[in-house]
Amino acid sequence: MTLINRCNLKSSPSSSNLSIPRLISLCKTLRNLEQIHTQIIRRGSEQEHYLITLFISALTSLPPSTTTISYASAVFDRVSRPNIYVYNALLKFHSQHSSLYHSVSVFLRMTRLNVVPDKYTFPVLVKSCCKSLALNLGRGIHGLTVKYGCDNDLYVGSSLVDFYGKCGEIKCAREVFDGMHERNEVSWTSMVVGYVNVGDIVEAKKVFDEMPKRTVFSWNIMISGFVRFGDLKSARKLLEEMPDKNVVSFTAMIDGYAKAGDMASARDLFEQCPDRDVVSWSALMLGYVQNGQPANAVKLFLEMQSWNVKPDEFILVNLMSACSQIGSLELAKRVDSYVNQQSSLNLQEPHVVAALVDMNAKCGNMGRATMLFEDMPKRDLISYCSMMQGLSIHGCGAQVVSLFYRMINEGHTPDGVAFTVILTACSRAGLVEEGCQLFDSMINEYSLVPSTDHYACMVDLLGRSGKLRLAYELLNSMPVEPHAGALGALLWACKLHGDVELGKEIASRLFELEPQNASNYVLLSDIYAATDRWLDVFVVRNEINERGIQKIPGCSWI
DNA sequence: TTAGGGTTAG
């Protein structure tokens, strides 16, 4: 039965137009709207601005898809002389569903046809610029608000404050904000968002404190602002003071505790959280994954299912990461088949496939990982990195290198992460020449600045292959102080190749950097022991005891 | 005539 029949509304051309707005307001799906559209055409109402405005607005509230974009444009294009309402409805549609290009071309078309933009035109246009961080275009539009006399409007002002703040132009945001004739909670909140965005948490708090009226939005932005800059104490204080906390407020705080590694507090707050949604479950689960508690992440997933919360792709990616950490092939198989049963999810999403590839590779099912990777209709940088990483941990260095070049040939530009993966693979497989060439191309061809991790990879690569002096020179040529990882890699190499003198020097630098890390002392004592320097062994061991350093007992999974 | 606006989170 169609919507028309269900509503028991006549569809004859003589019936009043009022029935169509009523029908449009009842539409929940694209299919419903298509039925109404048929009615509009049948009644010859395609030129009625009122109806078309309502129709495009209804399309705007549907979930985004390529079908709705072409549909909205097609409906609009049939109107011979659209008025400002129709234009504004289409602009709003584009600001939410499609690219800045669409919005701008609609705007240009309307001004060319002498349709004068009004105070409703600019907020949506500014929002489109904001989404793309199109600063110069936004500035131009700001100028046009003045030209068309809309700059004193509350909504235009608020959208500009938001726009400048999000683009990092905080001075411009403040200027617009200070010049506003009238402000409401949204204008104030946008100002707070701007300061949080540029990292000026002090000024953000000042504006927040000055706000005449705070909303749940403004409280939540301030809490997540403190969380973002690691000030958990202030965030928690605000959460306690907040009158009507919602799930977002709690989730921001849970996120903060999880990032700080305080999973006990995160869990505690999660228990107190009202109306927990999939985002709050996800925040806690990600915390468990990132803090090396994969078993708790899996347990939480099972708990979530008993609460009948539908997992989304973030939850499943977390579940797969947890599974990768556990490394159980049995669990991986179950999770793999579970994920594949989730028909509501887009399994072609690159990051979902990347997680599946990663999980299978880390749990020892390289066959399945390869199949998933090769079956992808389109491979992106992330999926390539997952596959290369998988091959790398299985020691297939040569395959990683050829995959890396295949990735480039497919038109992807390697980033810092991709180079970390490839350099690690070269190091593991002893591919010294390839590694050096790649490190060189990273700097000279791709203009990337190597991070301390990249240097650590190279030091490891050179060190393992016995080129200790080269590794040492590279270490000293680093523009920033090498971190413990790079020094530690060289110390290992010294042990491997029995270089006592270099080992001594590197160890002393490491002792300064991490005086309480027992493994550095043990490594140095091993280096001495290998060359029968037992007195030195004694001195180092003694130092461990004197400094009260706790040795972590060795353990094995085997 | 009727119609339309801006701010939060993995």
Side-chain angles (χ1 to χ4, degrees), chain A residues 16-18 20-22 24-25 45 48-58 60-61 82-93 95-96 117-131 145 150 153-163 165-166 173 176-177 180 182-194 196-197 207-208 211 214-225 227-228 245-256 258-259 273 277-287 289-290 311-318 321 351:
Chain A
S16 158
N17 273 341
L18 283 177
I20 296 276
R22 170 90 203 283
I24 291 175
S25 72
S45 303
E48 287 184 31
H49 295 153
Y50 173 52
L51 292 184
I52 300 303
T53 302
L54 286 182
F55 191 83
I56 294 174
S57 303
T60 308
S61 53
N83 69 1
I84 185 69
Y85 286 95
V86 188
Y87 271 109
N88 286 345
L90 186 68
L91 277 172
K92 188 178 181 207
F93 177 90
S95 82
Q96 286 186 20
D118 65 6
K119 59 182 185 173
Y120 292 92
T121 314
F122 292 108
V124 271
L125 212 49
V126 171
K127 194 191 165 121
S128 293
C129 293
C130 191
K131 266 171 81 180
T145 64
C150 299
D153 181 72
L154 169 65
Y155 291 79
V156 173
S158 297
S159 68
L160 283 168
V161 171
D162 178 55
F163 163 74
K166 293 237 175 86
V176 175
F177 180 78
M180 284 172 78
E182 183 194 359
R183 298 180 199 121
N184 67 1
E185 306 85 68
V186 177
S187 345
W188 283 91
T189 308
S190 296
M191 201 59 239
V192 177
V193 171
V196 168
N197 185 46
V207 176
F208 176 78
M211 277 182 81
R214 291 176 201 140
T215 62
V216 177
F217 271 113
S218 44
W219 281 94
N220 286 347
I221 282 155
M222 205 56 240
I223 292 173
S224 59
V227 164
R228 201 192 305 175
K245 311 179 227 305
N246 68 1
V247 60
V248 181
S249 344
F250 279 88
T251 306
M253 199 66 233
I254 291 168
D255 201 34
K259 283 203 180 88
C273 175
D277 63 2
V278 69
V279 184
S280 45
W281 285 90
S282 191
L284 188 64
M285 203 170 159
L286 180 66
V289 170
Q290 291 185 335
D312 66 2
E313 58 209 50
F314 286 97
I315 293 280
L316 293 179
V317 168
N318 286 339
S321 308
H351 64 277

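Computed over heavy atoms, backbone and side chain alike; hydrogens, waters and symmetry mates excluded.
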Using atom CZ of A:Arg22 as one end and atom P of B:dA3 as the other, report the distance to the nearest whole Å. 16 Å

Of the listed B:dA3, B:dG5, B:dT7, the closest approach to the A:Asp153 side chain comes from B:dG5

A:Trp219 CH2 - B:dT8 C1' separation (whole Å): 15 Å

Choosing from B:dG10, B:dG6, B:dA3, which nucleotide comes nearest the side chain of A:Asn184? B:dG6

Would you kindly give the CD-to-P distance between A:Glu185 and B:dT8, to the nearest whole Å? 15 Å

So which nucleotide from B:dG10, B:dA3, B:dG6 ends up closest to the side chain of A:Asn83? B:dA3

With the six-membered base ring of B:dA3 as reference, does the ring of A:Tyr85 sit under 5.5 Å away with planes under 30° apart? yes

To the nearest Å, how far apart are A:Asp118 CG and B:dG6 C1'? 14 Å

Quick one: do the A:Asp118 and A:Thr121 side chains pair a donor with an acceptor below 3.5 Å? yes

Looking at B:dG10, does its base get a donor-acceptor pair with the side chain of A:Asp312 below 3.5 Å? yes

Separation of atom CE in A:Met191 from atom C1' in B:dT7, rounded to whole Å: 13 Å

Find the distance A:Tyr120:OH to B:dG5:P and express it as a whole number of Å. 8 Å

Tell me if the side-chain of A:Asn246 makes a donor-acceptor pair with the base of B:dA9, cut-off 3.5 Å, by modelled atom types. no

Output the rounded distance in Å from CZ (A:Phe55) to C1' (B:dT2). 18 Å

With a 4.0 Å cutoff (strictly under), does any side-chain N or O of A:Lys127 reach OP1 or OP2 of B:dT7? yes

If you check every side-chain atom of A:Val248, which of B:dT8, B:dG10, B:dG5 has the closest atom? B:dT8

NA contact type, A:Val278, heavy-atom cut-off 4.0 Å: base, sugar-phosphate, or nothing? base

Identify whether any heavy atom of A:Ser282 sits under 4.0 Å from a base atom; if not, whether one sits that close to sugar-phosphate; answer base, sugar-phosphate or nothing. base

Mind checking whether A:Phe208 and A:Trp219 have ring centres under 6.0 Å apart? yes

Give the nucleotide from the list B:dT7, B:dG10, B:dG5 with an atom nearest to the side chain of A:Lys92. B:dG5

Side chain of A:Lys119: nearest nucleotide among B:dT2, B:dG6, B:dG5? B:dG5

Touch class at under 4.0 angstrom, heavy-atom based, for A:Asn220 against every strand present: base

Nucleotide nearest A:Val186 (side chain, heavy atoms from C-beta), chosen from B:dG6, B:dG5, B:dA9: B:dG6

Mind telling me whether A:His351 and A:Phe314 have parallel, tilted or perpendicular rings, with 30° and 60° as the class edges? tilted

Aromatic stack A:Tyr155/B:dG5: centroid gap under 5.5 Å, interplanar angle under 30°: yes

Partners of A:Lys259 by salt bridge (charged side-chain N to carboxylate O under 4.0 Å, His left out), sequence neighbours excluded? A:Asp255

Any residue meeting side chain to side chain donor-acceptor pair (under 3.5 Å) with A:Asp312, in chain and number order, not counting sequence neighbours: none

Any side-chain heavy atom of A:Ser280 within less than 4.5 Å of one from A:Val247? yes

Using a 4.0 Å heavy-atom cut-off across all strands, classify A:Asn318 as base, sugar-phosphate, or nothing. nothing

Under 4.0 Å between any heavy atoms, over every strand shown, what does A:Val193 touch: base, sugar-phosphate, or nothing? Just pick one. nothing

Expressed in angstrom and rounded to an integer, what is the separation of A:Ile221 atom CD1 from B:dT8 atom C1'? 5 Å

